[in-house]
Student: 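I'd like to ask some things about the structure below.
All values below come from the heavy atoms of this structure, side chains included, with hydrogens, waters and symmetry mates left out. Here is the naming used below: chain letters follow the sequence lines, and residue numbers restart at 1 for every chain.
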Number of protein chains: 2
Amino acid sequence: MNIGDAAEQAKLPRKTIRYYEEIGLINPLRSENGYRDYSPIDVHRLRFLQRSRSLGFTIEECRLLLSLYDDKHRASADVKAIAEAKVHEIDQKIKELTELKATLSALAHSCHGDRRPDCPIINDLAGGPCA
Amino acid sequence: MNIGDAAEQAKLPRKTIRYYEEIGLINPLRSENGYRDYSPIDVHRLRFLQRSRSLGFTIEECRLLLSLYDDKHRASADVKAIAEAKVHEIDQKIKELTELKATLSALAHSCHGDRRPDCPIINDLAGGPCA
DNA sequence: CATAAAGGTTCCAGCAACCGGAAGGTCAAG
DNA sequence: CTTGACCTTCCGGTTGCTGGAACCTTTATG
């Protein structure tokens, strides 16, 4: 199967697939004409990558997950630990963003938003809390 | 004032300050010896940048905010619009992350996490929703 | 058979927003 | 006089791709 079809099945751009090959996450065979030739197993692997990435795992985490995927004797606990760490990370990020939003929307709210040049937002940015 | 002191006052790494200069967000005078020389106004500007960045504005948004800051006749509405757009963006990001977290923590929860190799997380990644 | 469109290939460059380090100049203190 | 803390520039790397140029191959059509 050529890269176009593989891309469609894995729901990944061609460019991304070539990039994944470049960094050693996958390596398909080559046809006589030099075209990449993806087996169903390759496509499966690409799909694994697509899903892992969309769940927020970094490339390096994906690499690790793939190695666990390949290792038929790994313990499920290993995988679970990675997933839980990721959940924690995401949670932290959510907290940060929530605070950010509160600060910013308080600022926006305090601004009358008319034609006058006086603006609490700019004033805060200019001389805010760390002044 | 040399870059070290400016950095401390603005709470920005030296490297970052030089970078901001490189991309034209600031340009301090130079002393005889070639050292950058920051005026209080420069430091103020750096602080503005530090605060804006920490509130999640991109560099280009900061550039815009600075130009509004410099323009004594701009309407506060212009600034408010930018802030509100940012709040909306942040909100979207929070929503995305929340969904991500739900998916991932459901997965982690479904995994018994012991020594056995069978793992629902890996299984999902391998053949998940887009199989 | 010619040709044009739609695939494929490689490599090079660039995005955001910096960070780290090397090689070197400068300045104050002991 | 030397040590060490500053400062300078420049180069490369980070993450995860994406776009484009220049080129080859395959397929469809006139």
Student: Would you say A:Ile122 and B:Ile59 are hydrophobically clustered, going by side-chain heavy atoms of ILVMFWY under 4.5 Å?
Tutor: yes
Student: Please report, rounded to the nearest Å, how far the C1' atom of C:dG7 is from the CD atom of A:Glu8.
Tutor: 13 Å
Student: Assess the residue pair B:Asp91 and A:Lys101 against the criterion (salt bridge (Lys or Arg N to Asp or Glu O under 4.0 Å)); give the C-alpha distance rounded to whole Å, side-chain angles, the decisive distance to 0.1 Å, and a yes or no.
Tutor: CA-CA 7 Å; B:Asp91 215 33; A:Lys101 187 194 160 188; 2.8 Å; yes
Student: A:Ile23 near the nucleic acid: base, sugar-phosphate alone, or nothing, with a heavy-atom cut-off under 4.0 Å?
Tutor: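 Contact class for A:Ile23: none.
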Student: Using whole Å, what does the distance between atom P of nucleotide D:dC17 and atom CZ of A:Arg14 come to?
Tutor: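 Result: 16 Å.
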Student: Check the phosphate of D:dT9 against B:Arg30, side-chain N and O only, distance under 4.0 Å to OP1 or OP2. Yes or no?
Tutor: yes
Student: Per the salt bridge (Lys or Arg N to Asp or Glu O under 4.0 Å) rule, what does the pair list look like for residues 60-71 of chain A, sequence neighbours excluded?
Tutor: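 Of all non-adjacent pairs touching residues 60-71 of chain A, those that pass salt bridge (Lys or Arg N to Asp or Glu O under 4.0 Å) are A:Arg45-A:Asp70, A:Glu60-A:Arg63, A:Glu61-A:Lys86.
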Student: If you count the non-hydrogen atoms of other residues, nucleotides and ligands that lie under 6.0 Å from NE2 in A:His88, is the total more than 12?
Tutor: no
Student: Please tell me which of A:Thr16 and B:Arg36 maps to the more 5' nucleotide of DNA chain D, matching each residue to the nucleotide holding its nearest heavy atom.
Tutor: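 So the residue in question is B:Arg36.
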Student: Between A:Arg53 and D:dT15, is there a side-chain N or O to OP1/OP2 distance below 4.0 Å?
Tutor: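 No, because none of the side-chain N or O atoms of A:Arg53 sits under 4.0 Å from OP1 or OP2 of D:dT15.
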Student: With a 4.0 Å limit, can you tell me whether B:Arg18 has a side-chain N or O closer than that to the phosphate oxygens OP1/OP2 of D:dT8?
Tutor: yes
Student: Whole angstrom is fine here: how far is it from CD in A:Glu22 over to P in C:dC12?
Tutor: 11 Å
Student: Quick one: does A:Asn2's side chain have a donor or acceptor within less than 3.5 Å of a partner on A:Gly4's backbone?
Tutor: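 Looks like no, no N/O pair under 3.5 Å.
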Student: Can you list the steps and then say if A:His44 with A:Tyr38 is a side-chain hydrogen bond (donor to acceptor under 3.5 Å, both in side chains)?
Tutor: CA-CA 10 Å; A:His44 203 230; A:Tyr38 297 88; over 6 Å; no
Student: Round to the nearest Å and state the distance from A:Tyr19 atom OH to C:dC15 atom P.
Tutor: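 Interatomic distance, OH of A:Tyr19 to P of C:dC15: 17 Å.
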Student: Counting only heavy atoms not in A:Glu8, do more than 12 fall under 6.0 Å of its CD?
Tutor: no
Student: Polar-atom pairs under 3.5 Å, protein N or O versus N or O of nucleotides 21-24 of chain C: list them with distances, or write none.
Tutor:
| from | atom 1 | to | atom 2 | distance (Å) |
| --- | --- | --- | --- | --- |
| C:dG21 | O6 | B:Lys15 | NZ | 2.2 |

Student: Does C:dC18 have OP1 or OP2 sitting under 4.0 Å from an N or O in the side chain of B:Tyr20?
Tutor: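 Checking C:dC18 against B:Tyr20, a side-chain N or O does come within under 4.0 Å of OP1 or OP2.
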Student: Rounded to whole Å, please give me the gap between CG in A:Asp5 and C1' in D:dT26.
Tutor: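 Answer to the nearest Å: 14 Å.
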Student: Dump every N/O contact between nucleotides 27-29 of chain C and the protein below 3.5 Å, one line per pair.
Tutor:
| from | atom 1 | to | atom 2 | distance (Å) |
| --- | --- | --- | --- | --- |
| C:dC27 | OP1 | B:Asn33 | ND2 | 3.4 |

Student: How many Å lie between CD1 on B:Ile59 and P on C:dC15, as a whole number?
Tutor: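 One finds 13 Å between P of C:dC15 and CD1 of B:Ile59, rounded.
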Student: Can you check the A:Met1 CE to C:dG8 P distance for me, whole Å?
Tutor: 12 Å
Student: Is it the case that atom NE2 in A:His109 sees more than 12 heavy atoms from other parts of the structure closer than 6.0 Å?
Tutor: no
Student: Tell me the interatomic distance from A:Leu12, atom CG, to D:dC17, atom P, rounded to whole angstroms.
Tutor: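 A:Leu12 atom CG is separated from D:dC17 atom P by 8 Å.
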Student: Identify whether A:Phe48 and A:Tyr19 are in the same connected component of the hydrophobic contact network (ILVMFWY, side-chain heavy atoms under 4.5 Å).
Tutor: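 Yes: a chain of side-chain contacts under 4.5 Å links A:Phe48 to A:Tyr19.
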